[in-house]
Number of protein chains: 2
Amino acid sequence: MVTIYDIAEKANVSAMTVSRVINNTGKISDKTRAKVKRVMEELNYVPNQTARSLVLQQTRILFLLITDITNPFYTTLARGAEDAATKNGFRLLFGNSDESLEKENEYVQTILSARVDGVLVAPAGDPSLPHLEKLRAHKVPFVLMDREVPGIECDVVLGDSKEGGHRLTQLLIDRGHRRIAMINGSSSVSSARLRLQGYREALKLNDLPCADGDVYETSFGPRSDLSGIEAWLDAMPSLPTAIVAGNNVLALEVMSVLRNRGVAVPDEVSLVCFDDLGPYAEFDPFLTVAAQQAYQFGYMGIQMLIERIREKEQPLPWKKIVLPAELIVRRSVKELTSTQ
Amino acid sequence: MVTIYDIAEKANVSAMTVSRVINNTGKISDKTRAKVKRVMEELNYVPNQTARSLVLQQTRILFLLITDITNPFYTTLARGAEDAATKNGFRLLFGNSDESLEKENEYVQTILSARVDGVLVAPAGDPSLPHLEKLRAHKVPFVLMDREVPGIECDVVLGDSKEGGHRLTQLLIDRGHRRIAMINGSSSVSSARLRLQGYREALKLNDLPCADGDVYETSFGPRSDLSGIEAWLDAMPSLPTAIVAGNNVLALEVMSVLRNRGVAVPDEVSLVCFDDLGPYAEFDPFLTVAAQQAYQFGYMGIQMLIERIREKEQPLPWKKIVLPAELIVRRSVKELTSTQ
DNA sequence: TTGAAAGCGCTAACAA
DNA sequence: TTGTTAGCGCTTTCAA
């Protein structure tokens with residue numbers, strides 16, 4: 001590895017001078033600066049951030065902890081975060097807690113030991129409190145987003161969940177709906193609580209009832225098993241004419257269940273939700289696709305990489321994995337009966 | 001900051017002993033181990049990865065460089081990569097090049113100076129070659145995915161693009177389509193080239209023509225301006241009965257353009273594409289939503305965080321930003337004319 | 001304008 | 001089983 005000393009030696013200066021050139025600090029004659037720069041280019045020198053972080057006690061790394069990387073709300077948020085970080089000379093590390101307190105805790109541990117300069121976090125819920133307290137105890141600055149956690153004072157970026165819930169519900173009422181149900185995230189998540197509150201508020205202001213069974217509380221994250229939603233709908237004496245979903249994921253899942261039952265949206269049940277669907281909102285994506293095994297791409301890629309790192313000394317032959325795509329036929333293709 | 005020496009002092013042992021306890025190396029009596037562990041808990045000690053990386057010459061960090069973080073193909077891939085990395089005791093850092101060579105180059109610089117142990121990269125295209133050569137020159141192991149780059153030998157995880165292009169096209173042919181157009185990514189991207197090849201192959205095997213204007217080449221990434229696609233369609237004497245899209249983003253964009261023109265999919269034009277749409281594939285998401293300003297959440301969050309880091313010494317009052325949601329009314333809500 | 005020495009927090013190698 | 005020494009690559013402080 002080329003170090004600052006290699007440069008110094010070859011340029012006939014001290015390491016300190018090289019350091020000054022790299023960081024543009026102190027006074028240096030143009031001549032030495034040019035000489036040092038030339039040698040750096042020649043040797044392909046890249047400063048070692050690790051060493052620098054150790055002495056400077058800062059990493060210039062920020063961490064973004066989100067709860068669902070497959071949700072376009074969070075990926076869009078991530079792009080914003082990345083832009084802001086880059087613009088300010090920070091790098092951004094991502095973590096995905098999957099709405100799990102356990103994973104969140106692991107990430108907090110990682111964050112502490114990596115000595116990142118700050119954290120932008122969407123907490124899994126109110127029980128995230130100890131994790132935030134840990135960050136606070138270690139003096140790691142953090143900003144909450146999307147969700148507040150009672151018991152901790154800090155900076156926070158929120159959506160107006162109560163108002164939003166109110167307006168979504170009012171919109172349905174304005175369209176003539178009287179029996180409106182709600183599916184929502186866990187009540188241990190502040191945004192879910194507020195959205196529910198907004199919903200109830202709107203119903204109340206319009207003198208509409210809300211049966212106990214009309215509100216279903218689950219998790220904001222995607223589930224592999226939709227039977228909970230099935231059971232919720234089954235338990236109702238009749239389907240509501242409209243449903244408010246606490247987020248986009250829940251809306252899609254409800255839609256899936258309704259579709260399997262042959263219940264048409266919006267003809268039989270209207271549906272509204274929090275959070276948009278990114279690039280997938282405006283379209284009717286019943287696309288026929290050659291589905292590539294995206295997850296496998298990532299998984300096997302990392303496995304190969306780790307193997308390569310482990311066997312760094314004995315260069316094995318290069319490997320090439322080709323994964324077949326699966327053709328998924330959906331209704332974006334029309335059968336043409338007559339030729340042309 | 002609590003260091004290994006603070007622990008050592010309080011536990012009446014040497015720093016080395018503490019190190020051994022942390023890493024579970026060497027032989028240590030149960031008694032000292034217990035004592036050291038107790039002190040570590042007491043002082044809330046967290047090992048400093050930065051220092052460790054410096055001496056070990058490895059960071060246990062892998063880097064995943066993708067070209068479009070809003071594409072479900074890549075987020076799904078990222079989940080796979082994260083799982084594989086975590087399972088093997090590595091952390092994963094993400095970067096998003098946005099199909100831009102410039103951003104890619106910046107990330108390569110970051111990767112080199114951060115001394116990550118390895119990189120999993122979807123290159124922006126063939127001109128990524130110098131970036132890969134730079135990684136190679138610095139002996140940073142890397143694995144390519146999704147795309148190959150002529151001129152560099154390395155590990156690679158690929159989809160079978162040619163075969164996939166062929167099969168998608170054949171599917172359309174089997175359904176009676178004779179005039180099939182293709183919209184594709186840049187020909188400087190290997191997967192785009194192969195997909196086109198598969199498409200042409202299928203046409204040829206079926207003795208079908210392919211007019212020059214029927215193939216449109218653009219970028220795989222999402223564009224803010226769809227006028228290029230408009231112009232492509234306009235230039236054709238008539239619309240084809242079917243279109244093959246080189247990836248999911250292109251398919252959605254074509255669909256958007258067709259929809260604006262009142263061209264029905266699949267009734268008037270059939271559409272197929274590479275890559276699935278993640279959770280958004282099976283649904284008809286014409287959802288009415290309270291769209292939150294996802295990008296702003298991330299952007300402002302990071303800004304607040306950086307400000308907080310800068311003003312670490314003078315604690316300013318905590319800030320709270322509340323962003324309003326925008327109600328976007330789409331056709332998931334039905335107007336009820338009669339009450340109830 | 002330049003350089004020498006010390007140290008950031010940790011671990012490998014060796015010694016006791 | 002435990003401790004001492006040296007050094008990873010860099011920057012800060014002080015001296016020249």
Side-chain angles (χ1 to χ4, degrees), chain A residues 1-37 39-40 43-61 109-117 138-140, chain B residues 1-37 39-40 43-61 89 110-117 138-140:
Chain A
M1 187 191 289
V2 181
T3 77
I4 212 174
Y5 286 101
D6 300 323
I7 309 295
E9 192 178 339
K10 194 144 189 196
N12 268 313
V13 294
S14 74
M16 205 41 235
T17 303
V18 179
S19 172
R20 282 192 263 255
V21 171
I22 294 167
N23 300 293
N24 253 313
T25 50
K27 306 221 178 263
I28 298 199
S29 73
D30 288 352
K31 208 170 126 195
T32 18
R33 184 194 315 280
K35 187 171 56 179
V36 169
K37 284 209 164 168
V39 176
M40 289 198 321
L43 298 190
N44 246 313
Y45 172 72
V46 180
N48 185 327
Q49 271 301 337
T50 306
R52 190 182 246 173
S53 296
L54 185 60
V55 46
L56 292 181
Q57 299 285 45
Q58 57 155 28
T59 54
R60 303 297 287 175
I61 289 179
Q109 212 55 33
T110 296
I111 285 162
L112 292 177
S113 67
R115 300 294 196 269
V116 302
D117 288 352
H138 285 274
K139 301 199 200 311
V140 179
Chain B
M1 186 192 289
V2 182
T3 76
I4 213 175
Y5 286 101
D6 301 321
I7 309 295
E9 192 177 341
K10 195 143 186 197
N12 268 313
V13 293
S14 73
M16 204 45 231
T17 303
V18 178
S19 171
R20 283 193 262 254
V21 170
I22 294 166
N23 299 293
N24 253 313
T25 51
K27 306 221 178 262
I28 297 198
S29 74
D30 289 353
K31 209 170 127 193
T32 18
R33 183 194 315 280
K35 188 171 54 178
V36 170
K37 284 208 163 169
V39 176
M40 290 196 323
L43 298 190
N44 246 316
Y45 171 73
V46 180
N48 185 326
Q49 271 301 338
T50 306
R52 190 183 247 173
S53 296
L54 185 59
V55 45
L56 292 180
Q57 298 286 46
Q58 56 155 28
T59 54
R60 303 297 288 175
I61 290 179
T110 296
I111 284 163
L112 291 177
S113 67
R115 301 294 197 267
V116 302
D117 289 352
H138 285 275
K139 300 199 201 310
V140 179

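So you know, we letter chains A, B, ... as the sequences are listed, proteins then strands, and number each from 1. Because only heavy atoms are used, hydrogens play no part in the values below, and waters and symmetry mates are left out as well, while side chains stay in.
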Next on the checklist: Measure CD1/I28(B) against P/dT11(C) and give the value in whole Å, please.
Outcome noted: 12 Å

Checklist entry - To the nearest Å, how far apart are K27(A) NZ and dT2(C) P? => result 12 Å

Checklist entry - For dT2(C), does OP1 or OP2 lie under 4.0 Å from any side-chain N or O of S14(A)? => result no

Checklist outcome for this item: dist I4(B):CD1 -> T17(B):OG1 (nearest 0.5 Å) comes out at 9.5 Å

Checklist entry - At what distance, to the nearest 0.5 angstrom, does NZ of K27(B) lie from CZ of R20(B)? => result 12.0 Å

Checklist entry - Between I7(B), V13(B), V36(B), which is the residue that forms a side-chain contact (heavy atoms from CB on, under 4.5 Å) with V21(B)? => result V36(B)

Are [X] and [Y] packed together at the side-chain level, in the sense that at least one heavy-atom pair is separated by less than 4.5 angstrom?
| X | Y | result |
| --- | --- | --- |
| N24(A) | R33(A) | yes |
| R115(B) | L54(B) | no |
| N48(B) | M1(B) | yes |
| M40(A) | I22(A) | yes |
| N44(B) | V2(B) | no |

Where do N or O atoms of nucleotides 6-10 of chain C meet protein N or O atoms at under 3.5 Å, pair by pair?
residue	atom	partner	partner atom	Å
dC8(C)	O3'	Q57(A)	NE2	3.4
dG9(C)	OP1	Q57(A)	NE2	3.2
dG9(C)	N2	A51(B)	O	3.3
dC10(C)	OP1	Y45(B)	OH	2.4
dC10(C)	OP1	N48(B)	N	3.1
dC10(C)	OP2	I4(B)	N	2.5
dC10(C)	N4	Y5(B)	OH	3.1

Checklist entry - So what is the end-to-end bend of the helix from dT1(C)-dA16(D) to dA16(C)-dT1(D), with 5 pairs used at each end and the value given to 10 degrees? => result 40°

Checklist outcome for this item: Its 5'-most and 3'-most nucleotides having an atom under 4.0 Å from a non-hydrogen atom of chain B, DNA chain D is contacted over dT1(D) to dG9(D)

Check nucleotides 13-16 of chain C against the protein and report each pair of N or O atoms closer than 3.5 Å, with its distance, or say if there are none.
none

Item to check | S53(B): partners by side chain to side chain donor-acceptor pair (under 3.5 Å), with sequence neighbours left out | outcome: none

Checklist outcome for this item: Those residues at least two apart in sequence (or on a different chain) that pass salt bridge (Lys or Arg N to Asp or Glu O under 4.0 Å) with K35(A) are none

Checklist entry - Which atoms form the tightest heavy-atom contact between V116(A) and T59(A), and what is the distance? => result CA-OG1, 3.4 Å

Item to check | Heavy-atom pair of closest approach, residues A8(A) and S14(A) | outcome: CB-C, 3.6 Å

Checklist entry - Across the strands shown, which category fits T32(B) at heavy-atom distances under 4.0 angstrom: base, sugar-phosphate, nothing? => result sugar-phosphate

Checklist entry - Are there more than 12 heavy atoms of other residues, nucleotides or ligands under 6.0 Å from atom CD of E9(B)? => result no

